[in-house]
Amino acid sequence: MSPPASHRRRSRLLSWPLLFVAILAVHSLAVYLFTRGFLLTRTELDLHSSRDDLSPQADVSPGRASWPPASVDRLVIIVLDALRFDFVAPSTFFSEKQPWMDKLQVLQKLAADEKTSARIFKALADPPTTSLQRLKALTTGGLPTFIDVGNSFGAPAIVEDNIMHQLAKNGKRVVMMGDDTWIQLYPEHFNKSFPYPSFNVKDLDTVDNGVIEHLLPSLHKNDWDVLIAHFLGVDHAGHIFGVDSTPMIQKLEQYNQILEGVINTLRSLSKPGGTHENTLLLVMGDHGQTLNGDHGGGTAEEVETSLFAWSPRTPPDAVLSVLDDSSCNVDLHGEEICVSTMQQLDFAVTISALLGIPFPFGSIGRVNPELYALSTGTWVNQRMGTNACSQDDLEAWMGRYAEVLCVNCWQVKRYIDQYSATSVIGFPLEDLQHITDLYSRAQENWSASLITTCSSETGSQEKVEGKGSVLLQQIDAYNDFLQSFAKLARSAWTEFDLWSMGVGLLLMILSVIIQAFMLVNMNTISKSSDQKSSGSSIIPRFALAFAIVVIRAASFLSNSYILAEGRVANFLLATSCITSVWHSVLKGNISIENLVFLLLNIFTRFGIEVGMSKQLPAPTITKDHPVSAICKILGVNSCNILLELFPIISLAFVAYIMLKCLYRAICQRFLKYFLLCGTMVSYLSIAFHWASETTLFSHAGTVQEFGRSLAPRIVYAIGGLSLATSAFSRIFGPTVHLKMNKRIIILLALMLCSWSPTILILLGRQGPFVALICMAGAWCIVKLQQKHQRESELSVADPVSVIQWSLLAVCLFYLTGHWCTFDGLRYGAAFIGFDHFHIIRQGLLLSIDTFGVSHILPILSLPFIAIVWYSTTSKDNGLKDIILNNINKVLLMYGLITAITATLTIICVAIQRRHLMVWGLFAPKYVFDAIGLLLTDLLICLASIYYS
Amino acid sequence: MRAEFSQISALTAAAAHVLCFAGLAAAHALAGRGALVSDPALALRLVVVCEAPIVIAVFSYLRRDTQSCSFFKAVARGLIGLPVGAFLNAFGAIVLGAPVGIKYWIATIYWSLAMSLLTFVPAACVFGTSKIDWQNVLSHSIYFTPIDVENYMISAPCHGAVLGAWLGAWPMPLDWERPWQEWPICVTYGAVAGYLVGMSVSLVLIAVHKRRVRAKTD
């Protein structure tokens with residue numbers, strides 16, 4: 001009888017870690033698939049174009065060997081944030097006239113009256129349609145994604161090549177006024193700037209009034225070449241009141257007046273010899289908005305914005321044959337008005353071509369022919385050019401445009417080659433091959449057409465005609481190349497791969513179902529084996545735990561609850577505590593742990609509030625939090641001393657508790673003294689480290705140096721050493737003669753001792769306080785679990801304890817001042833003990849700091865709630881089985897809880913993928929949850945191997 | 001033994017509930033429409049002022065041990081129970097995350113007094129310090145096993161108010177920017193709604209119970 005039983009046990013012992021490894025594998029696959037579909041990534045190249053890129057030997061093009069010359073002297077860009085297309089285009093273009101249409105009359109009138117020099121464009125932006133991403137796209141000519149690899153965290157300044165950089169490098173003077181996002185993106189590129197804060201959405205006027213104040217005076221000045229004025233009123237009015245509202249209409253009417261003033265000023269100064277003789281005015285939106293004022297996603301309303309271009313000097317009438325006349329309509333006054341369509345992607349390169357600066361390195365746009373033709377300079381220069389052949393205006397212009405496109409193609413091709421060579425995730429090979437073919441065909445074509453250019457005498461009409469068609473062919477070939485590449489880039493950088501996302505999600509849901517099924521199955525098995533078990537007492541606890549998990553998981557469907565996740569977790573934890581108090585009162589045996597746990601909840605709650613207050617930018621919120629209130633009473637000086645002393649005192653307390661527990665738990669002599677010494681040295685080092693940083697007393701330089709850098713390293717070293725020792729003693733330790741409980745506790749103590757000092761020092765001054773909360777929480781949960789075991793006489797794992805454990809872990813994450821965005825990472829922690837950046841070392845420290853107290857410690861100490869304290873079976877062998885079974889069951893439950901919440905996050909992210917906050921809130925939350933899930937699975941695997 | 005006590009008729013119970021409801025309605029009428037949103041402290045104070053005499057009087061009249069305990073003793077129990085219940089409610093709310101700034105504490109005090117009137121005071125008046133009765137009040141088993149009328153009358157509205165207040169806290173973190181999302185407005189709404197639901201549930205339960213008892217005696 002006994003050999004098969006032991007054999008079965010051994011096989012089951014082996015199968016547990018295998019099961020967890022399988023779960024880890026499935027989750028990794030699911031997360032990988034979903035991430036590939038959802039998080040579009042692009043590598044930023046910090047290469048820059050420069051004036052002399054196009055040297056003759058660079059094998060550029062057989063045609064022109066330099067960037068196109070400037071055709072515009074000065075440029076006025078007026079950005080109206082969130083300018084919908086129907087704000088600008090006449091209402092006759094739409095099926096129904098709405099109250100917000102036809103408010104920018106001055107632009108419509110100009111477009112109708114001066115067909116050759118003014119034009120309304122429908123500009124198509126690419127998602128994500130958030131201001132920062134759009135500004136980046138407008139200036140770099142690329143397609144920014146959520147994760148631009150290489151982006152320096154924190155500082156949003158653009159490192160990629162962009163127009164602003166080129167302008168500054170080529171001696172153009174830029175004036176900026178309005179939205180201060182520009183200053184964040186381009187801190188050093190403006191000659192003069194008048195930034196106004198943009199974060200207060202409720203303020204419709206500050207930015208606009210500031211711009212108005214400076215705009216007209218600046219137009220009269222002569223100290224700039226490019227002027228950028230960014231108005232925010234329409235965006236803010238949309239966010240607060242929606243599009244169909246009085247404030248919005250008032251804003252648009254105000255803009256109409258401003259634009260009228262700008263146009264009149266420019267016109268008056270555009271006489272020959274005037275300062276604006278060769279100026280181009282652009283009035284444009286960075287993105288559209290929905291009727292509710294939201295933007296960020298990819299719906300037609302959000303991506304359709306408008307661009308209005310006008311040059312005071314009229315180009316020749318031949319421009320009309322370049323301009324697209326397919327979508328023309330009669331406006332309100334009965335005049336014909338035409339509208340063209342362009343891609344916002346083309347903006348950067350077109351502007352560069354007009355201003356005569358090198359195209360940004362990463363630009364993948366094409367010089368837009370219509371916008372290019374609207375500038376008179378592109379016609380005039382050619383006529384006076386050295387080109388001997390006398391051609392008519394149109395042909396000369398086309399020749400010039402073809403040359404510009406040639407350079408444009410060369411620059412895009414250069415980017416493709418560089419990108420494929422250096423990026424993490426490149427383009428599919430066959431697509432690249434296709435693109436390369438198109439390019440080489442276009443270039444061959446160009447060489448062929450060059451032969452006909454001007455080399456022969458101009459004479460016969462027929463020849464000229466032939467040349468015109470050759471040029472057209474050439475332009476088409478270039479367009480073909482540029483458009484195919486833009487399409488490829490769009491599919492790689494802006495479109496979600498729904499198929500991949502769906503498969504990932506499905507896999508995740510399947511794995512959760514299988515996990516849950518396994519758990520239920522195991523419970524029924526253990527119940528049938530345990531005859532005495534009273535099923536009635538376990539069912540309500542399962543129901544409670546399940547309800548809490550479901551509520552918490554469902555809360556991720558709303559962005560507000562994600563923002564308040566810490567508070568939600570604390571609310572649910574408190575709810576579970578109150579239910580357990582209620583349960584005890586009903587039984588009539590309320591115990592001290594219940595009360596302590598309730599009090600602990602109050603502490604975590606305030607801690608979370610303090611931690612979350614760091615997240616909000618407004619400083620007013622921190623004013624009335626408890627710590628500062630206490631400081632006010634005590635006075636600043638004594639408060640500072642208290643704040644310095646409190647961590648060290650509580651550290652001593654933590655150390656005392658740790659040492660005492662260690663002393664009691666471990667019975668092997670060598671291990672015991674090793675651990676006691678190690679812990680003592682670790683804690684002394686931490687105390688020394690903090691003491692060396694205080695300003696309370698002055699230290700000698702060497703002492704300070706030792707405390708600052710050497711002490712943390714000692715802590716890390718001891719941590720690593722004792723981790724190795726614990727693995728060693730797990731493998732070779734003579735643990736067979738020990739009782740199972742004892743053995744588990746020794747292993748636990750080893751684990752905690754090796755991790756806790758490192759995590760403590762990384763957490764900083766708040767560490768000891770957090771550690772006390774951790775210990776008190778764990779003590780309460782374990783005690784309550786013991787009580788429950790004693791009452792029900794059941795030796796199975798208690799789901800409520802597990803869920804409390806996991807909620808406490810979530811609370812601790814927020815309590816320690818983390819939150820789920822990248823600026824929520826505590827970068828300072830990575831540099832404790834080190835001054836220089838090393839990606840692996842600092843990354844490791846940062847991840848230990850981020851996940852230490854919320855993932856590593858809780859999961860590794862999970863066996864605490866699996867230990868059977870009151871056993872009905874006296875036989876040690878049976879007990880051992882039960883305990884091992886329990887540990888694995890608890891681990892499985894914990895994994896299931898994490899997997900359920902992560903699945904709901906994934907579902908939520910998939911639903912909200914076009915939501916306004918998707919890149920600001922949902923995507924970072926997804927990244928944190930996905931990493932947390934994989935880490936949890938990994939730790940569960942390790943724990944299951946280590947403790948079995 | 002139990003049967004002796006359950007002399008309260010369904011009609012008396014209904015009348016008691018109607019009186020309590022009238023207290024709330026009077027407070028609402030006095031405060032005026034929307035007063036809870038514009039000035040929660042004032043509205044809650046009115047609730048306490050109107051509801052306290054009614055609740056204490058009604059439930060002292062319905063006290064469990066009529067012989068050994070005079071009406072005034074029951075009133076005194078209610079008056080002591082009011083702050084004790086308020087403390088427990090406030091403690092629970094703070095554990096669950098109610099804000100504690102200086103801005104809020106007056107509203108919190110009135111809210112917890114009102115909650116105490118809806119939950120704690122009736123039981124204090126009726127049962128005094130009898131442990132077993134208190135456990136019965138708190139227990140969820142009353143819904144499955146028939147006990148007596150007072151238990152239904154006290155427990156169901158009390159449970160309703162607590163659950164309602166708990167559910168009422170849910171909209172608070174949402175970003176709708178409505179004034180009623182402030183503490184303690186929506187929690188109060190939830191509690192009152194839960195209380196009313198609890199009252200109707202208790203009336204239904206009492207009616208069912210009476211019919212069952214009558215059927216048994218027949």
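Note on naming: letters A, B, ... go to the chains in the order of the sequence lines (proteins, then strands), and numbering restarts at 1 for each one. Quantities reported herein were computed from a predicted structural model and do not represent experimental measurements.
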Side-chain donor-acceptor pair under 3.5 Å between A/N594 and A/S591, yes or no?
->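 Judged by distance alone, the side chains do pair up.
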Establish, from distance only, whether the side-chain atoms of A/S584 and A/K787 form a donor-acceptor pair under 3.5 Å.
->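 Yes, side-chain donor-acceptor contact under 3.5 Å.
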When only pairs under 4.5 Å are counted, which of A/V585, A/N570, A/T604 shares the most heavy-atom pairs with chain B?
->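 Max contact count across the listed options: A/V585.
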For the pair B/F91 and B/F87, name the ring-plane relationship: parallel under 30°, tilted 30 to 60°, perpendicular over 60°.
->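 Answer is parallel, since the angle falls under 30°.
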So does A/E565 pair up with A/R552, basic N to acidic O under 4.0 Å?
->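 Here A/E565 pairs with A/R552 in a salt bridge, since their nearest N and O are under 4.0 Å apart.
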With a 4.5 angstrom heavy-atom cut-off, could you sort out which part of [X] is near chain B: side chain, backbone, both or neither?
X      : value
A/Y561 : side chain
A/L598 : both
A/I608 : neither

For the candidates B/L174, B/V100, B/I102, which exhibits the highest count of non-hydrogen atom pairs separated by less than 4.5 Å from chain A?
->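 Most heavy-atom pairs under 4.5 Å with chain A: B/L174.
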Look at B/L138, B/L96, B/D175 and state which one has the largest set of heavy-atom pairs under 4.5 Å with chain A.
->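 Among the listed options, the one with the most contacts to chain A is B/L96.
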Atom [atom1] in [X], atom [atom2] in [Y]: separation rounded to 0.5 Å?
X      : Y      : atom1 : atom2 : result
A/W779 : A/L772 : CH2   : CG    : 13.5 Å
B/N89  : B/W111 : CG    : CH2   : 5.0 Å
B/L36  : B/E182 : CG    : CD    : 11.5 Å

Inter-chain contacts: residues 183-198 of chain B against chain A, heavy atoms under 4.5 Å =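 Residues qualifying by a heavy atom under 4.5 Å from chain A are absent, so none.
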Positions in residues 114-127 of chain B that reach chain A, provided some heavy atom is under 4.5 Å away =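 The list, in residue order, is empty: none.
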Donor-acceptor contacts, no H, no angles, side chain residues 160-172 of chain B, under 3.5 Å, sequence neighbours left out:
from: B/W166; atom 1: NE1; to: A/T575; atom 2: OG1; distance (Å): 3.0

Step-by-step side chain to side chain contact (heavy atoms under 4.5 Å, CB included) determination, B/C20 to B/V55 | CA-CA 6 Å; B/C20 292; B/V55 168; 4.2 Å; yes
Show your working on side chain to side chain contact (heavy atoms under 4.5 Å, CB included) between B/H17 and B/S202 and close with a plain yes or no.
-> CA-CA 9 Å; B/H17 279 337; B/S202 84; 2.7 Å; yes
Restricting to pairs with a member in residues 36-48 of chain B, which pass side-chain hydrogen bond (donor to acceptor under 3.5 Å, both in side chains), not counting sequence neighbours?
->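 Output for this query is empty, none listed.
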Compare every heavy atom of A/I562 with every heavy atom of A/C908, then report the nearest pair and how far apart it is.
->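 Closest heavy-atom pair between A/C908 and A/I562: SG-CD1, 4.4 Å.
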Which bit of B/K131 is near chain A, if near means a heavy-atom gap under 4.5 Å: side chain, backbone, both or neither?
->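 The answer is the side chain of B/K131.
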CZ (B/R63) with more than 12 external heavy atoms under 6.0 Å =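 Buried by this count: over 12 neighbours within 6.0 Å.
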